[in-house]
Amino acid sequence: MGANGNRNSKLTEPNLIKPCPVNLWHCPRGSISTSKNSSIFEFPKWHKWCLLPVYQDWQYMQSKGCFFLEEDGEIISHQYRMQIAQRSMVYLTIKPLNLSQVEGKPSPWLSVDTALYILKENESQANLQLVCFTELRNREVFGWTGELGPGIYWLIPSTTGCRLRKKINPVTDEAQLVYRDQTGKLFLTQEFKSTLSDIFEIIDLDGNGLLSLEEYNFFELRTSGEKCDEDAWAVCRDNFDTKRNELTRQGFMDLNLMEANDREGDPCDLWVTLHSMGYNKALELTEACPFVIDIYAEKCKPKIKAVHMEACSGQLEKAICKSVLSKGDAKVMDGYENIIVHTYSCDTWITSVIENKSDEKVIIHINNELSKNCVNNRGLNIFAVEVGPKSTMVCQHVMPLNERQEWIYYCIYSLIS
């Protein structure tokens, strides 16, 4: 015991470390099983599925969005409200958005995992009930199908953070964004125009080829932290190409050219915009993942609207914990009946949630050193988490580093204090 009465936290004292049962998950290309000593658990092989012709006759809506990686490693994304007018079978999917790319140029975000959590609004936004999440998978597409009653639903996109993460080796060569011709007139380079065209695709959430004020404001909040009001939007309409009160792709290009002219060709502000949108100095999209959500409903036309761009925490954390507690395997830590490790697996990722039923906070030590071909969202093989009293928290997400090779998830949990 320490001087203040708390348990000593030194890991070198074996009497203070009590490992819980080890989870051993052997995952050859998607089939997942676990074993520990004499206990063997077989997990379902998630079947591949595709868009059946029947869904194509249903009423359809689509919306785009994006995950953005912050400087501290936190991930933020668009969040949505969906309205279902009457009870109906519904089919939802989410996948990375495949943008037009220069031939031979990589699209690293296409390997980022995506998921969608569907929560029912009961009386208010503060009272949301988890309904389901996209468990089905076919390559990069994740989906769910089932019946939803009439009402308002929140769609919260999620990515584990195993693959959307900070790059260790930053790019040093800086792409040219603007140039002047022989007369001194300023132009955007072709490479920068191609990048701006891709950004336009990302922020055009409804995919109609135009930017509404609401869509543009998500872009402004992301890149400058401020909104464009109605008066400023009216000035924008008067000076740049618009259609039906919305900004065209060419208008968006001209807006960025004006910004470069205002700075007399200095691309400093343009780079702030690019970095905010997840681009590096080589104009590669490495710290963002655009995605697209498709919704089919049999009995009514679904309505979907992006309403927030927030951190993937809060409601999402609660939803993930509830889904893992509901569908995962629960193991009580040996000797600590109030601490339970819940583990959910599919052929794509593993999520562990720690539940602390005691009246005191606990600190749990996690060791993944014996795992093979695995990557987790924390970026560390050994770490510790603090779980408050009477609470649950997401411990870690784990994915295969290379999906074409077998992967072994081997994790030891130990109570520190």
Quiz prompt | Polar side-chain atom of S197 near backbone of K193 as donor-acceptor pair, under 3.5 Å | solution = no
Practice problem: Verify, without hydrogens or angle tests, whether S224 (side chain) and E220 (backbone) share a donor-acceptor contact under 3.5 angstrom. | Solution: yes
Exercise. Please tell me if the side chains of M309 and L221 come closer than 4.5 Å, counting only heavy atoms from C-beta onward.
Key: no
Exercise. Taking S371 for its side chain and Y410 for its backbone only, find out whether a donor-acceptor pair lies under 3.5 Å.
Key: yes
Exercise. Looking only at non-hydrogen atoms, find the nearest pair between L110 and L97 and report the distance.
Key: CD2-O, 4.0 Å
Quiz item: What distance separates I199 CD1 from L274 CG, expressed to the nearest 0.5 Å?
Solution: 5.0 Å
Quiz item: Looking only at atom types and distance, does a side-chain atom of T93 sit under 3.5 Å from a main-chain N or O of I293, one as donor and one as acceptor?
Solution: no
Self-check item: Exam field: side chain N377 to backbone H397, donor-acceptor pair closer than 3.5 Å
Solution: yes
Quiz item: For I350, does its backbone N or O pair with a side-chain atom of S345 as donor and acceptor, under 3.5 Å?
Solution: no
Practice problem: Check the angle between the aromatic planes of F252 and F219 and answer parallel, tilted or perpendicular using the 30° and 60° thresholds. | Solution: perpendicular
Quiz item: What are the two closest heavy atoms between Y409 and V398, and how far apart are they?
Solution: CE1-CG2, 3.7 Å
Quiz item: Quick one: does D113's side chain have a donor or acceptor within less than 3.5 Å of a partner on R163's backbone?
Solution: no
Quiz item: Between CG of N376 and CG of L380, what distance do you get to the nearest 0.5 Å?
Solution: 7.0 Å
Quiz item: Does the salt bridge (Lys or Arg N to Asp or Glu O under 4.0 Å) test come out yes or no for E70 and R222, once each step is laid out?
Solution: CA-CA 11 Å; E70 299 283 63; R222 178 64 194 161; 2.8 Å; yes
Practice problem: Quick one: pull up OG in S212 and CG in L205 and give me the separation to the nearest 0.5 Å. | Solution: 7.5 Å
Quiz prompt | I202 versus Y279, closest heavy-atom pair with distance | solution = CD1-OH, 4.3 Å
Exercise. Show your reasoning for whether side-chain contact (heavy atoms from CB on, under 4.5 Å) applies to M82 and L92.
Key: CA-CA 11 Å; M82 177 180 70; L92 304 101; 4.1 Å; yes
Exercise. Give the intermediate values and the outcome of salt bridge (Lys or Arg N to Asp or Glu O under 4.0 Å) for residues E201 and R249.
Key: CA-CA 9 Å; E201 285 294 324; R249 191 182 301 263; 2.5 Å; yes
Self-check item: Check: S63 and Y80 side chains under 4.5 Å, non-hydrogen atoms
Solution: yes
Quiz prompt | Whether H78 and F291 hold their rings parallel, tilted or perpendicular, with breakpoints at 30° and 60° | solution = perpendicular
Self-check item: For I118 against L116, the heavy-atom pair lying closest together
Solution: CD1-O, 3.6 Å
Practice problem: State which residue, out of L130, V131, L128, fulfils the side chain to side chain contact (heavy atoms under 4.5 Å, CB included) condition with W154. | Solution: L128
Quiz prompt | Note, E310 side chain near Q315 side chain (heavy atom, < 4.5 Å) | solution = no
Quiz prompt | Side-chain touch L247/L210, heavy atoms, less than 4.5 angstrom | solution = no
Practice problem: Calculate, to the nearest 0.5 Å, the distance between atoms CG and OH belonging to D57 and Y296 respectively. | Solution: 10.5 Å
Quiz item: Is there a side-chain contact between C395 and I364 (heavy atoms, below 4.5 Å)?
Solution: no
Quiz item: Do the non-hydrogen side-chain atoms of M253 and F200 ever get within less than 4.5 Å of each other?
Solution: no
Quiz item: Between M258 and F240, what is the shortest heavy-atom contact and its length?
Solution: SD-CZ, 3.5 Å
Quiz item: Would V394 and C321 satisfy side-chain contact (heavy atoms from CB on, under 4.5 Å), going step by step from the backbone distance to the final call?
Solution: CA-CA 6 Å; V394 175; C321 287; 4.0 Å; yes
Quiz item: Taking side chain as C-beta onward, heavy atoms only, is V141 less than 4.5 Å from D294?
Solution: no
Quiz prompt | Under 3.5 Å donor-acceptor, S358 side chain and N338 backbone | solution = no
Exercise. Pick out which of F142, Y153, F133 makes a ring pair (Phe, Tyr, Trp, His ring centres under 6.0 Å) with Y117.
Key: F133
Quiz prompt | Gap separating the CD atom of E259 from the CG atom of D269, nearest 0.5 angstrom | solution = 5.0 Å
Self-check item: Heavy-atom neighbours of Q86 CD exceed 12 at 6.0 Å
Solution: yes
Quiz item: Of all heavy-atom pairs between I75 and G161, which one has the smallest distance, and what is that distance?
Solution: CD1-CA, 3.8 Å
Quiz item: Backbone N or O of Q176 within a donor-acceptor pair of the T189 side chain at under 3.5 Å?
Solution: yes
Quiz item: What do the steps show when you test Q83 against I152 for side-chain contact (heavy atoms from CB on, under 4.5 Å), and what is the final call?
Solution: CA-CA 5 Å; Q83 182 177 357; I152 302 296; 3.8 Å; yes
Practice problem: For side-chain contact (heavy atoms from CB on, under 4.5 Å), just list the numbers for S323 and Y344, CA-CA rounded to whole Å, side-chain angles, deciding distance to a tenth of an Å, and then say yes or no. | Solution: CA-CA 8 Å; S323 67; Y344 169 81; over 6 Å; no
Quiz item: Counting heavy atoms not belonging to K227, are there more than 12 under 6.0 Å from its NZ?
Solution: no
Quiz item: Going by an N to O cut-off under 4.0 Å, is there a salt bridge joining K281 and D173?
Solution: no
Quiz item: Looking at the rings of Y413 and Y336, which for Trp means the six-membered one, are their centres under 6.0 Å apart?
Solution: no
Self-check item: Nearest-0.5 Å distance, CD1 of residue I203 to CD of residue E214
Solution: 13.5 Å
Quiz item: Does any donor atom in the side chain of N98 or E140 lie under 3.5 Å from an acceptor atom in the other side chain?
Solution: no
Exercise. For the residue pair Q396 and N368, establish whether any side-chain heavy-atom pair is separated by less than 4.5 Å.
Key: yes
Quiz item: Taking everything shown except K64 itself, do over 12 heavy atoms lie less than 6.0 Å from its NZ?
Solution: yes
Quiz item: Just wondering, more than 12 heavy atoms not from K361 lying within 6.0 Å of its NZ?
Solution: no
Quiz item: Is the number of heavy atoms from other residues, nucleotides or ligands under 6.0 Å of K357 NZ greater than 12?
Solution: no
Practice problem: Answer yes or no: is there a donor N or O on one side and an acceptor on the other, between the side chain of N373 and the main chain of E406, under 3.5 Å? | Solution: yes
